[in-house]
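Each chain gets a letter, A, B and so on, in the order its sequence line appears, and its residues count up from 1. Scope of the values below: all heavy atoms of this structure, side chains included, with no hydrogens, waters or symmetry mates. Computed from a predicted model, the values in this text were never measured in an experiment.
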Number of protein chains: 2
Amino acid sequence: MAAELVTTAALSAARSTDPARPQRADARRNVVALVEAAKTVFARSGVDAPAKEITDRAGVGVGTLYRHFPRRSDLIVAVMQHEIDECIEAAEEFANTLRPWEALTTWIERFMDFVGTKRGLALALHSGDPAYDDLPQHLLDRLAPVLQTLLTRAVDGKLARADITAREVLTAIALICQPVPGEQPIFNQRMARVFMDGLTLPKRSRAEVDIRIGNLASDVERS
Amino acid sequence: MAAELVTTAALSAARSTDPARPQRADARRNVVALVEAAKTVFARSGVDAPAKEITDRAGVGVGTLYRHFPRRSDLIVAVMQHEIDECIEAAEEFANTLRPWEALTTWIERFMDFVGTKRGLALALHSGDPAYDDLPQHLLDRLAPVLQTLLTRAVDGKLARADITAREVLTAIALICQPVPGEQPIFNQRMARVFMDGLTLPKRSRAEVDIRIGNLASDVERS
DNA sequence: AACTATACGGAATAGCTTTCCGGTTAGTAC
DNA sequence: GTACTAACCGGAAAGCTATTCCGTATAGTT
């Protein structure tokens, strides 16, 4: 079922040559085996698991891995193609069934599930390791447009501030969703919600409150 | 000038034995040289620069590095001791001169300067690499108390929500401050401010706005 | 059945961290 | 000053992993 998907991904990653004569059958088999193996290994050991762990499980040599997926990010993209598509579909669904702000926050929760589940993905996104260089780019290119739709709707409804782009929101959420040793994923979710709260229109309440308790504050200062 | 500081740091990191007879003079020299070298190298190549780069610059063998600083985090802590102290002093100063909310946000900006300047520090904090394991712990232990003071003042003044701890704020800010390829530090600062906005009291304005433009929202939905 | 472009496997290379130990030296005792 | 020893040093060695390279094998074609 994931076969066509996988092949497509691998093709775009591995084959930039003459599409007239398609990939050999054994090559196609190996690509599928590698992606399947990588999916399992990534889930257990994170996206920077040793290459050999993947090739052993796929029953191929390391050369085969590097031929089809020159950079680690190519393999990750192939593995996640499916989940990314689902995330995009979810955005359209939410846009059609929920009110603007709820659609926005619900999708963000959905996105967090995706990022948070893949152990180490959020980390890889910002690792600085050249092997992952165009992974963020790819994810942003795919996901920013659909989020932008939700975001624009919220902004038009005066529900969200207008000075932050969809790309920025995605990047920030991805940062916040990085696993923290000693904290459960629920922590990241709570922090992300704080961030989303900050995305609502800058409130008059802020200034109001400041003024209202200005005297109290001064009292505290003096003490 | 930083000599005593460095020595103190190194002692706590490197010597767990009989304090009656102090460290030999050459050992002390080497520790200072290593920390000085590391400070320079960290600034240029990040906190995970090759060990040899540091030992070469310090003019010692790698064995000497690992003897004094078994884990990378020991070296980082030694290098940053001074900056951490400054950060703590700043909190006291802000608490005495600024109103609660301003003290809080100003100190956060100060903290961001610290974290953001050290290339790769924010990254190391959440890398998962065991070599950095107790670095977050150490930073939190040192900084959480002073932030908690500022935060409590803001909460007492009804300026900030009460359901988030100082440790959580520090962790979240550190996450947000991680360098993003292709983005300038100003980006992280903007996102951190959004987060801080979300830290203000959950506002009636949110519900208000929802209700007020509820019809509009529904209109948009139907279209 | 022969032929060739394509693909395979894994040895080889390279770069890094971390350990280990024979040799050196600072500090002390006489 | 000399001798002694515990502390310390340097860098070779061991152990990882990523990535490249090329002689060998084979799928698909004629």
Side-chain angles (χ1 to χ4, degrees), chain A residues 7 10-11 13-34 37-38 41-42 45-76 120 124 127-133, chain B residues 7 10-11 13-34 37-38 41-42 45-76 120 124 127-133:
Chain A
T7 310
L11 280 175
R15 294 191 54 88
S16 50
T17 51
D18 178 21
R21 173 147 36 187
Q23 209 171 28
R24 247 169 60 173
D26 54 347
R28 226 173 314 139
R29 270 199 310 275
N30 282 334
V31 165
V32 173
L34 278 169
V41 172
F42 284 174
S45 314
V47 291
D48 44 37
K52 194 165 171 304
E53 208 173 325
I54 297 169
T55 55
D56 281 355
R57 170 171 271 269
V60 304
V62 284
T64 302
L65 171 60
Y66 280 95
R67 194 170 328 104
H68 290 301
F69 304 98
R71 284 150 309 156
R72 178 58 63 114
S73 64
D74 297 326
L75 184 55
I76 298 177
S127 67
D129 185 330
Y132 304 114
D133 261 359
Chain B
T7 308
L11 279 175
R15 294 191 55 90
S16 51
T17 51
D18 178 20
R21 172 144 40 183
Q23 210 172 28
R24 247 169 60 173
D26 53 349
R28 224 173 316 140
R29 268 199 310 276
N30 282 334
V31 165
V32 172
L34 278 169
V41 171
F42 284 173
S45 313
V47 291
D48 43 37
K52 194 163 173 303
E53 206 173 324
I54 297 170
T55 55
D56 281 356
R57 170 171 271 268
V60 304
V62 282
T64 303
L65 171 60
Y66 281 94
R67 194 170 328 104
H68 290 301
F69 304 98
R71 285 152 307 155
R72 178 60 62 114
S73 64
D74 297 325
L75 184 54
I76 298 177
S127 67
D129 185 329
Y132 303 114
D133 261 0

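- By the side chain to side chain donor-acceptor pair (under 3.5 Å) test, Thr55(B) is found to be paired with no residue, residues two or more places apart in sequence or in another chain being considered.
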Can Phe69(A) and Val31(A) be said to form a side-chain contact (heavy atoms from CB on, under 4.5 Å), step by step?
CA-CA 9 Å; Phe69(A) 304 98; Val31(A) 165; 4.0 Å; yes

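- Note: Tyr132(A) OH to Ile76(A) CD1 = 5.0 Å, rounded to the nearest 0.5 Å.
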Just the atom pairs and distances: protein N or O near nucleotides 10-13 of chain C's N or O, under 3.5 Å.
residue: dG10(C); atom: O6; partner: Gly63(A); partner atom: N; Å: 3.2

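- In this model, the phosphate group of dC8(C) is approached by a side-chain N or O of His68(A) to a distance below 4.0 Å at OP1 or OP2.
- The distance from atom OH of Tyr66(B) to atom P of dG11(D) is 16 Å, rounded to the nearest whole Å.
- What separates CZ of Phe69(A) from C1' of dT20(D) is a distance of 18 Å, to the nearest Å.
- For the pair Arg29(A) CZ and dA7(C) C1', the interatomic distance rounds to 11 Å; values are reported in whole Å.
- Ala58(B) meets the side-chain contact (heavy atoms from CB on, under 4.5 Å) test with Ala33(B), Leu34(B), Ala37(B), Val60(B); sequence neighbours excluded.
- In plain terms, the two heavy atoms of Val47(A) and Arg72(A) that are nearest each other are O-NH1, 2.7 Å.
- Between the CZ atom of Arg71(B) and the P atom of dT19(C) there is a distance of 11 Å, given to the nearest Å.
- Applying the 4.0 Å criterion to OP1 and OP2 of dA7(C), one finds that Asn30(A) has every side-chain N and O outside that range.
- Proximity of residues 49-57 of chain B to DNA chain C (heavy atom under 4.0 angstrom from any strand atom) is restricted to Ala49(B), Pro50(B), Ala51(B).
- Comparing Ala25(A) and Ala27(B) by the nucleotide of DNA chain D whose heavy atom lies nearest to each, the residue mapping closer to the 5' end is Ala27(B).
- Qualifying side-chain contact (heavy atoms from CB on, under 4.5 Å) partners for Asp26(B), counting only residues two or more places apart in sequence or in other chains: Arg24(B), Arg29(B).
- In this structure, the separation between CD1 on Ile54(A) and OG1 on Thr64(A) is 13.0 Å, given to the nearest 0.5 Å.
- One interatomic measurement links the two molecules: CD of Gln23(A) to C1' of dT26(D), which rounds to 15 Å at whole-angstrom precision.
- The rotation axes computed at either terminus of the helix from dA1(C)-dT30(D) to dC30(C)-dG1(D) lie 10° apart, taking five pairs at each end and rounding to 10 degrees.
- Computed from coordinates, the Asp26(B) CG to dA26(C) P distance equals 6 Å when rounded to whole Å.
- Listed for the Asp74(A) side chain is a donor-acceptor partner under 3.5 Å among the backbone atoms of Arg71(A).
- A donor and an acceptor atom sit less than 3.5 Å apart, one in the side chain of Arg24(B) and one in the base of dA7(D).
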